[in-house]
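Source: prediction; values computed, not measured.
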Amino acid sequence: MDRFLLVIFGFSLIAGPVFGGNIPVALTAEKPWRTVEGGGYSVPIPANEWSGFLIGKARMQAGTVYRLDWESRISGKAATPDMLLFYRDPGERRELHSGNGSWNSQSSYYFADRTGELEFRFYFNPGPAGEAAIRNLTIQEVRPEQLSENLLPDGDWESGNTMPGNWRPMTGGGKAEIVTVTDFFAGSKALMLTPSPQQRANLFSLYMPMMPGGTATMTFWAKGSGDLPLSAAIDGISPRTHHGKHFYKTETFKVTADWKEFTLTTAIPDDFDAWPDLKERLAKLRFTLPPDGEGCVWIDNVSFTCN
């Protein structure tokens with residue numbers, strides 16, 4: 001995909017997938033957030049205190065999907081705090097975003113069900129002390145015809161991120177890390193997923209657009225340290241509050257020591273009475289690896305489309 005977009009704050013151009021063009025956004029930094037030289041914002045995170053808000057406002061059009069992209073750097077003195085992104089709409093959607101001491105690109109999709117101004121906020125709950133910074137924030141409109149393109153940012157792990165910035169672990173053990181590989185046909189990075197001996201490894205992605213009545217497709221390449229069962233899922237549970245039936249599609253694939261491509265496809269219901277969560281028009285991907293004392297799986301070229 002061609003990659004080029006203009007930064008909304010800061011003074012440089014950065015790479016990123018082009019959708020329908022940038023949406024103007026106004027940013028307000030509450031203390032102790034502050035602007036930094038060259039563009040962007042930083043905040044010292046006090047121990048066990050609120051961090052204040054970095055507040056954004058942008059005008060949205062009903063029935064339209066948008067994507068927020070930014071870069072963050074988060075460090076902690078005892079433990080690395082999680083950053084929250086809060087969409088201050090009637091549903092009050094909140095997301096957690098991890099970080100580390102390096103700059104990592106991150107994203108969030110939003111489906112506007114009404115026309116008007118949307119307010120969103122970055123902040124940290126009371127907890128470990130640390131420091132954080134955000135730069136290069138953009139908002140883009142996703143046109144309907146672009147839903148058939150890959151909607152997952154950095155599914156090949158080649159963006160320069162030092163961690164899987166658009167993925168989070170679920171309850172369980174194990175770890176997920178970006179590592180160097182030499183035997184894959186494209187690129188030099190892959191995601192290594194390793195369970196603990198007692199607990200399975202769970203990893204889920206950011207929420208991405210999933211349109212009712214369409215078809216959702218997840219594809220990825222994987223290999224294992226041996227023959228291992230890797231479960232993949234497309235999960236349509238609401239990012240706010242779950243209601244009604246839970247829509248998801250899951251399948252367990254046999255991963256071997258050789259790279260192989262896998263595909264998971266599902267039709268998306270359009271009955272909002274039975275599946276009210278689908279009004280959000282959002283879904284996340286999930287990988288699960290059962291407990292294992294020695295095994296691990298490498299994953300690469302993950303993509304998600306909705307036709």
Side-chain angles (χ1 to χ4, degrees), residues 8-9 23 25-36 40-58 60 66-112 117-139 153-154 161-171 176 202-208 235 237-242 277 280 282-286:
I8 287 181
F9 67 79
I23 307 300
V25 57
L27 290 164
T28 302
E30 290 187 351
K31 292 182 178 180
W33 287 87
R34 57 182 180 266
T35 58
V36 296
Y41 297 83
S42 67
V43 61
I45 306 168
N48 302 315
E49 296 181 18
W50 292 100
S51 65
F53 298 108
L54 177 62
I55 303 171
K57 294 182 179 181
M60 304 293 183
Y66 298 90
R67 196 174 97 181
L68 283 72
D69 295 291
W70 67 91
E71 294 174 296
S72 70
R73 183 179 62 197
I74 308 171
S75 60
K77 297 176 181 178
T80 303
D82 284 325
M83 183 172 67
L84 283 93
L85 170 57
F86 172 35
Y87 289 105
R88 200 179 183 205
D89 58 15
E92 296 194 344
R93 172 182 160 196
R94 290 174 172 83
E95 298 178 350
L96 287 172
H97 293 271
S98 302
N100 59 20
S102 302
W103 286 106
N104 291 286
S105 59
Q106 297 179 309
S107 302
S108 177
Y109 283 96
Y110 182 85
F111 174 75
E117 184 180 77
L118 171 68
E119 179 180 310
F120 57 92
R121 301 182 174 195
F122 291 99
Y123 69 100
F124 293 83
N125 278 330
E131 294 187 6
I134 294 177
R135 67 184 185 187
N136 296 337
L137 173 73
T138 62
I139 303 178
D154 197 27
N161 279 4
T162 57
M163 60 171 289
N166 289 308
W167 298 76
R168 286 188 59 81
M170 297 174 66
T171 301
N202 279 310
L203 193 69
F204 66 88
S205 73
L206 80 167
Y207 276 93
M208 291 174 287
D235 191 340
I237 194 168
S238 170
R240 305 172 195 267
T241 303
H242 170 57
D277 285 4
E280 301 277 357
L282 294 170
K284 59 187 177 182
L285 309 181
R286 185 175 73 244

Measure the shortest side-chain to side-chain distance between Asp154 and Asn161 over non-hydrogen atoms and say whether it is less than 4.5 angstrom.
yes

Do the non-hydrogen side-chain atoms of Leu285 and Trp167 ever get within less than 4.5 Å of each other?
yes

From Lys57 atom NZ to Leu27 atom CG, the distance as rounded to the nearest 0.5 Å:
11.0 Å

Can you run down the side chain to side chain donor-acceptor pair (under 3.5 Å) pairs that involve residues 44-55, sequence neighbours left out, and say none if there aren't any?
none

Strictly distance-based, threshold 3.5 Å: is any side-chain N or O of Gln106 a donor or acceptor partner for the main-chain N or O of Ser98?
yes

Heavy-atom side-chain contact between Phe204 and Leu206 under 4.5 Å:
no

Minimum heavy-atom separation for Gly99 to Thr80, with atom names?
O-CG2, 3.3 Å

Smallest heavy-atom separation, Pro81 atom then Ala129 atom, equals CG-O, 4.4 Å

Checking Asp277 side chain against Ile237 main chain: does a donor-acceptor pair fall under 3.5 Å?
no

Nearest 0.5 Å, please: how far is CE in Met60 from CD in Glu117?
10.0 Å

Under the side chain to side chain donor-acceptor pair (under 3.5 Å) test, which residues partner Tyr207, sequence neighbours left out?
none

Could you tell me which non-hydrogen atom of Met83 sits nearest to which non-hydrogen atom of Ile74, and how far apart they are?
CB-CD1, 3.9 Å

side-chain contact (heavy atoms from CB on, under 4.5 Å) with Glu30: which residues, sequence neighbours excluded?
Phe53, Ile55

Heavy atoms, side chains only, cut-off 4.5 Å: are Tyr66 and Ile23 in contact?
yes

Nearest heavy atoms of Ile139 and Ala58, plus distance in Å:
CD1-CB, 3.8 Å

Closest non-hydrogen atom pair between Ser105 and Asn166, with its separation
O-ND2, 4.1 Å

Taking atom types as modelled, find out whether Thr162 and Asn100 have a side-chain donor-acceptor pair closer than 3.5 angstrom.
yes

Could you tell me the separation between the CZ atom of Phe124 and the NE2 atom of His97, rounded to the nearest 0.5 Å?
10.5 Å

Straight-line distance of Ile134 CD1 to Arg73 CZ, nearest 0.5 Å:
11.5 Å

Minimum heavy-atom distance between Val43 and Pro32, given as atom pair plus value
CG2-CG, 3.7 Å

Roughly how far, to the nearest 0.5 Å, is CZ of Arg121 from CG of Leu85?
12.0 Å

Check whether Phe86 forms a cation-pi arrangement with Arg94 (NZ or CZ under 6.0 Å from the six-membered ring centre, at most 45° off the ring normal).
yes

May I ask you to test the Tyr87-Ser108 pair for a side-chain heavy-atom distance under 4.5 Å?
yes

Under a 4.5 Å cut-off applied to non-hydrogen side-chain atoms, are Ser107 and Asp69 in contact?
yes

Rounded to the nearest 0.5 Å, what separates atom CH2 in Trp70 from atom CG in Asn136?
12.5 Å

Does a side-chain heavy-atom distance below 4.5 Å link Pro44 with Arg34?
yes

Is the centre of the Phe122 ring less than 6.0 Å from the centre of the Trp33 ring?
no

Leu282 versus Arg93: any side-chain heavy-atom pair under 4.5 Å?
yes

